[in-house]
Asks: 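My questions will all concern the structure given below.
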Amino acid sequence: MATPTLDKTDGTAKPEAGFADSPFITATFRIRRFNPEVSDEVQWQDFQIEIDPKERVLDALHKIKWELDGTLTFRRSCAHGICGSDAMRINGKNRLACKTLIKDINPDKPITVEAIKGLTVLKDLVVDMDPFFQAYRDVMPFLVTKGNEPTRERLQSAEDRERFDDTTKCILCAACTSSCPVFWNDGQYFGPAAIVNAHRFIFDSRDEAGEQRLEILNDRDGVWRCRTTFNCTDACPRGIEVTKAIQEVKRALITRRF
Amino acid sequence: MSSETSSAAAIGDVEGVSLYDVDHPAPVIEPPRKRTGKTPKASRTNFEMYAWLFMRLSGIVLVVLVIGHLLIQLVLDGGVSKIGFAFVAGRWASPFWQVWDLTMLWLAMLHGANGLRTVINDYAERDNTRFWLKMLLYTATVFTVLLGTLVIFTFDPNIR
């Protein structure tokens, strides 16, 4: 990003003039604002900025926060698609702001940015992630073994590792869970992300608590609430086949019970 | 900021005195039935799995039963005009059609009731609403299934 200009008069941040064919375009960002310290109502606010379409939505949010309105609140940590902090609903679809290029989401029309759904909005784009992480904790997302600890690594064949490779990619951004219509209506449902992380251990040959996790997911709020709408698979910024993982847990439950 | 949407009062400068400030923030909108540490743990029954399996299996059987039923009743051999007391009496004289209709009644009712139970579980937010809607559903289901079964088995073709 270019050096921020300080001499803005009309409120629009403009890049330095003088480029014959400037890569910059004017894009409108329509952001859903909520600040409980000011009002109990949410409000859509438009920001027009000059930005290179090859930049990401996160860069645009930075530009707005740093140059136009410092009260804009959102989460981001690594800004490179690994920490999972900046999942948000961009043009009606859950994505990571740091992995979404502006040119890919049609900057001709206003780009809507709002907080992910199904979780309490605390301010602007920041939501309360506690229920999400509670579901994650409830599936025991850690290695459970019996007996003494070996003196060397717990070896695993490449095939055994491959079995759960897809679900190791999860970054807990909540894009899947907050895209799930069942989760919107009933927060008691574990949600796709928790099931993905249970899957990661259920199918790990080194783990010995698979049966326990299956039992947890066999309950009223477990995998049987999944309606296979594939919203989670569409939303996953890591390309995890979330719905497939959920179906595999269902299959494991059925085959192990009969 | 450069431009704003229709509502001119931007966040930060609401006209008049705001009801909310740093010490008295507005209530946030919580989603229905949040998961917390107090959420009940697994009940250790397989009911939900059986319900899920039943939906799939009964669905397959119902496709055959219902399409067969519709064909016989509405399309083949004169269509809907042939249906009368005599037609029903004739069909239920055979145990095959009795079993067919009985299976269809039970499967369709339980399939539908289970589907509606899912819908209620999804959409009824308050515990009380959910409970009473489900009680109503179960009562209606049991009543219909029992009445239907009774009629199929005690049907009297010579009734006056």
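Note on naming: letters A, B, ... go to the chains in the order of the sequence lines (proteins, then strands), and numbering restarts at 1 for each one. The model shown is predicted, which means the values in this text are computed figures rather than measured ones.
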Asks: To check you understand the geometry: which heavy-atom pair defines the closest contact between B:Asp122 and A:Asn185, and what is its length?
Replies: O-CB, 3.3 Å
Asks: Name the option with the most non-hydrogen atom pairs under 4.5 Å to chain B; the candidates are A:Trp184, A:Phe132, A:Trp224.
Replies: A:Trp224
Asks: Which distance, rounded to the nearest 0.5 Å, do you find between the CG of A:Asp186 and the CG of B:Asn121?
Replies: 8.0 Å
Asks: Count the heavy atoms belonging to other residues, nucleotides or ligands that lie under 6.0 Å from CZ of B:Arg56, then report whether that count exceeds 12.
Replies: yes
Asks: May I ask you to test the A:Thr120-B:Pro31 pair for a side-chain heavy-atom distance under 4.5 Å?
Replies: yes
Asks: Do you know which two heavy atoms are closest between B:Thr118 and A:Arg227, and how far apart they sit?
Replies: CG2-NH2, 3.1 Å
Asks: Is it the backbone or the side chain of A:Arg137 that comes under 4.5 Å from a heavy atom of chain B, or both, or neither?
Replies: neither
Asks: Checking side-chain polar atoms at under 3.5 Å, does A:Asn218 have a donor or acceptor matched by the opposite partner on B:Asn46?
Replies: yes
Asks: Under 4.5 Å, heavy atom to heavy atom: which of residues 91-99 of chain B reach chain A? Give them by number, or say none.
Replies: none
Asks: As an exercise: rank A:Leu253, A:Asp138, A:Leu122, A:Leu119 by heavy-atom pairs under 4.5 Å with chain B and give me the winner.
Replies: A:Asp138
Asks: What are the two closest heavy atoms between B:Ala26 and A:Ser39, and how far apart are they?
Replies: CB-O, 3.8 Å
Asks: Decide if atom CD1 of B:Ile29 counts as having more than 12 heavy atoms of other residues, nucleotides or ligands within a radius under 6.0 Å.
Replies: no
Asks: In terms of heavy-atom contacts, does CZ of B:Arg130 have more than 12 from other residues, nucleotides or ligands at under 6.0 Å?
Replies: yes
Asks: Under a 4.5 Å heavy-atom cut-off, does chain B meet the side chain of A:Leu217, its backbone, both or neither?
Replies: neither
Asks: I'd like to check A:Val38 versus B:Tyr20 (side-chain heavy atoms, cut-off strictly below 4.5 Å). Are they in contact?
Replies: no
Asks: May I ask you to say whether B:Arg35 pairs ionically with A:Asp130, meaning some side-chain N is under 4.0 Å from a carboxylate O?
Replies: no
Asks: Heavy-atom distances under 4.5 Å only: say whether A:Lys250 touches chain B with side chain, backbone, both or neither.
Replies: side chain
Asks: Rounded to the nearest 0.5 Å, what separation is found between the CG atom of B:Asp23 and the CD atom of A:Glu37?
Replies: 8.5 Å
Asks: Atom OH of residue position B:Tyr123 - does it have more than 12 heavy atoms of other residues, nucleotides or ligands inside 6.0 Å?
Replies: no
Asks: Can you name the nearest heavy-atom pair linking B:Thr45 to A:Glu215, along with the distance?
Replies: N-OE2, 4.5 Å
Asks: Should we say atom NZ of B:Lys82 is surrounded by more than 12 heavy atoms from elsewhere, each under 6.0 Å from it?
Replies: yes
Asks: Answer with side chain, backbone, both or neither: which region of A:Val182 has an atom nearer than 4.5 Å to a non-hydrogen atom of chain B?
Replies: side chain
Asks: Could you walk me through whether B:Glu48 and A:Asp219 pass the side-chain contact (heavy atoms from CB on, under 4.5 Å) test, one step at a time?
Replies: CA-CA 7 Å; B:Glu48 290 295 329; A:Asp219 201 28; 5.7 Å; no
Asks: Please name the pair of heavy atoms, one in B:Lys34 and one in A:Asp128, separated by the smallest distance, quoted to 0.1 Å.
Replies: NZ-OD2, 3.9 Å
Asks: Within a 6.0 Å radius of atom CD on A:Gln134, are there more than 12 heavy atoms belonging to other residues, nucleotides or ligands?
Replies: yes
Asks: Take atom CZ of B:Phe87 as the centre, draw a 6.0 Å sphere, and report whether it contains more than 12 heavy atoms from other residues, nucleotides or ligands.
Replies: yes
Asks: Please assess B:Val28 against A:Phe34 for the test side-chain contact (heavy atoms from CB on, under 4.5 Å), listing each intermediate value before the final yes or no.
Replies: CA-CA 9 Å; B:Val28 288; A:Phe34 173 69; 3.9 Å; yes
